[in-house]
Amino acid sequence: MEKEEEEMREWCLALPKVELHAHLNGSVRDSTLLELAKQLGDKGVIVFEDVKDVIMKNGRSLPECFQLFELYHILTTDHDTVTRITKEVVEDFAMENVVYLEIRTTPKNNEAKGMTKQSYMNAVIKGLKAVEAVEVVLFDSNSRTDKPLTCAPSSELGGDVSKKKIYVKLLLSIDRRETTLAALDTVNLAMEMKDQGVIGIDLSGNPVVGEWETYLPALERAKQLGIPITVHCGEVANRKEIQAVLDFCPQRLGHVCCLNDDEWKKLKSLMIPVEICLTSNVMTGGAPSLELHHFADLYNVKHPLSLCTDDSGLFSTSLSNEYYLVASTFGLSKAELFQLAQDAVEFVFAGDEVKKTLRELFRRAEKELTT
Ligand SMILES: CC(C)=CCNc1ncnc2c1ncn2[C@@H]1O[C@H](COP(=O)(O)O)[C@@H](O)[C@H]1O
Ligand SMILES: [Zn+2]
């Protein structure tokens with residue numbers, strides 16, 4: 001590695017970052033997936049060698065990625081594994097100086113494993129509470145919960161000041177394969193778990209599966225309940241759906257790859273913040289290359305946006321790497337990268353208390369990192 005590249009990569013690592021678009025199962029480390037596959041292979045549930053090749057394969061098409069998720073879900077079906085991967089994912093993000101993380105995941109029913117959407121989410125929360133390497137702040141200090149900080153206590157409250165601290169919030173994903181009723185269940189669950197760190201709703205899943213009208217009642221309900229919504233939009237060129245999503249006007253949008261001129265205009269006039277996933281889009285063909293990624297256009301017109309990983313495990317990336325790619329591809333200076341990271345604070349789904357703390361954190365980091 002050239003010295004300059006190395007220095008820039010280190011700087012991107014040191015930069016405090018806000019991650020707004022990370023799928024839990026897509027962020028699992030390869031080493032953990034291989035270990036889980038080995039265990040299931042030993043039990044005869046899967047053929048380890050076949051699975052190993054799929055996990056280690058480089059470069060995947062969009063349909064192949066969704067096949068891989070099927071495999072991930074076989075490997076991560078039991079409660080203890082869900083707890084383990086959650087713990088590891090949070091630790092990995094915190095270790096690269098992500099200071100605020102919204103993890104999204106699809107609550108899953110699995111009768112054979114005695115799993116309900118609720119018990120799946122309990123296992124996720126158990127994972128957040130199990131993190132030891134860093135201090136996890138799950139709830140706002142003004143949350144209505146009895147025990148606002150059930151994880152390690154915040155350093156302001158007398159906790160371990162030497163530990164890195166990360167705010168973690170949860171978004172519940174509606175999978176495009178789900179029925180209207182199942183989608184409504186997820187929204188109701190989000191409402192029930194609102195004091196346990198669940199802060200929003202996401203619509204994701206294979207973009208060529210399902211119809212917008214199926215999820216709309218659930219998304220409308222979330223809107224009525226005041227739950228913030230983010231939608232995967234324009235991963236494929238589905239004109240009717242892109243139009244409908246823009247008309248619905250969610251709080252944030254993911255990807256926005258395949259928009260036509262009119263849709264671009266509309267997006268820009270609505271000023272809906274966009275979760276930009278460079279590596280993910282290039283690897284799955286949503287963008288032709290890094291150089292031609294729509295980040296440049298949106299950045300140049302000062303559209304609200306934030307850099308995100310999408311599936312850091314699946315795409316072998318990290319949020320620091322995404323910042324590095326922006327610097328190396330589009331020539332942003334350190335001051336501009338810092339501003340980009342800082343601006344993301346304004347698009348978090350957490351409340352004003354958290355925003356205030358994050359703004360202060362960036363203010364303190366600015367001098368050190370940009371002079
Ligand atoms: C794989 C690929 C084409 C990436 C592009 N980005 C994506 N587009 C739509 N849904 C996604 C994407 N990445 C992850 N997901 C959703 O997130 C799930 C994995 O995380 P989880 O099980 O919800 O915890 C996948 O099954 C899928 O429903
Ligand atoms: Zn995504």
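Order of listing sets the numbers, starting from 1, for every ligand and every atom in it. Every value quoted in this text rests on a predicted model; they were computed, and no experiment measured them.
- The Zn ion (ligand 2) has an N, O or S atom of H23 closer than 2.8 Å.
- By the 3.5 Å distance cut-off applied to N or O atoms, N25 is counted among the residues near ligand 1.
- Residue contacts with ligand 1 do not include N281, since none of its heavy atoms lies under 4.0 Å from the ligand.
- Of the polar atoms of S204, none of the N or O atoms is found under 3.5 Å from an N or O of ligand 1, judged by distance alone.
- In this model, no donor atom of one side chain and acceptor atom of the other lie less than 3.5 Å apart for T214 and E211.
- When each atom of ligand 1 is checked for a heavy atom of H255 under 4.0 Å away, the hits are 6 (N).
- Using 4.0 Å as the threshold, Y72 has no heavy atom nearer than that to any atom of ligand 1.
- Cation-pi geometry between K223 and F248 is met: under 6.0 angstrom from the ring centre, within 45 degrees of the axis.
- When only interatomic distances are considered, the shortest N/O to N/O separation between G205 and ligand 1 falls below 3.5 Å.
- Between the choices D175, T105, T76, the shortest heavy-atom distance to atom 24 (O) of ligand 1 belongs to T105.
- Of the protein's non-hydrogen atoms, the one nearest atom 4 (C) of ligand 1 is F315 CZ, 3.6 Å.
- Within ligand 1, counting atoms from 1 as listed, the ones closer than 4.0 Å to a heavy atom of C65 are 1 (C), 2 (C), 3 (C).
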Stepwise side-chain hydrogen bond (donor to acceptor under 3.5 Å, both in side chains) test for K17 and N97: CA-CA 6 Å; K17 291 170 287 290; N97 284 314; over 6 Å; no
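- The aromatic rings of H232 and H21 sit perpendicular, their planes meeting at an angle over 60°, well past the 30° parallel limit.
- With salt bridges taken as basic N to acidic carboxylate O contacts below 4.0 Å, one links E346 and R359.
- At the top of the distance list for atom 19 (C) of ligand 1, counting protein heavy atoms only, stands F69 CE2, 3.6 Å.
- Ligand 1 lies less than 4.0 angstrom from a heavy atom belonging to H73.
- Side-chain polar atoms of D78 and T81 form a donor-acceptor pair below 3.5 angstrom.
- At least one N, O or S atom of H232, from either the backbone or the side chain, sits less than 2.8 Å from the Zn ion (ligand 2).
- Ring to ring, H303 and H294 are not that close: their centroids are 6.0 angstrom or more apart.
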Derivation of the salt bridge (Lys or Arg N to Asp or Glu O under 4.0 Å) call for R9 and E4: CA-CA 9 Å; R9 282 196 178 276; E4 255 176 48; over 6 Å; no
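- For ligand 1, the atoms lying closer than 4.0 Å to a non-hydrogen atom of D310 are 4 (C), 5 (C), 6 (N), 7 (C), 13 (N).
- Interface atoms of ligand 1 facing E235, defined by a heavy-atom separation under 4.0 Å, are 5 (C), 6 (N), 7 (C), 8 (N), 9 (C).
- Within D310, the N, O or S atom lying nearest to the Zn ion (ligand 2) carries the name OD1.
- For atom 13 (N) of ligand 1, the nearest protein heavy atom (residue, atom name, distance) is D311 OD2, 2.7 Å.
- Distances below 4.0 Å separate heavy atoms of L314 from the following atoms of ligand 1: 1 (C).
- With I276 as the partner, the side-chain contact (heavy atoms from CB on, under 4.5 Å) test is satisfied by one option alone out of N281, L20, L298: L298.
- Classification of D185 and K117 as a salt-bridged pair fails, no side-chain N sitting under 4.0 Å from a carboxylate O.
- Ligand 1 lies less than 4.0 angstrom from a heavy atom belonging to S280.
- Between T180 and Y215, every side-chain heavy-atom pair lies at or beyond the 4.5 Å cut-off.
- When K108, R176, H232, H23 are ranked by how near their heavy atoms come to atom 17 (O) of ligand 1, first place goes to H23.
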Test log, rule ring pair (Phe, Tyr, Trp, His ring centres under 6.0 Å), inputs F295 and F330: CA-CA 9 Å; F295 164 83; F330 304 105; 5.0 Å; yes
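- Scanning the protein for heavy atoms near atom 23 (O) of ligand 1, the closest one is T106 OG1, 2.6 Å.
- Aromatic ring pairs are classed by plane angle as parallel below 30°, tilted from 30° to 60° and perpendicular above 60°; the pair F69 and Y72 is perpendicular.
- Residue L24 approaches ligand 1 through these ligand atoms, each under 4.0 Å from one of its heavy atoms: 24 (O).
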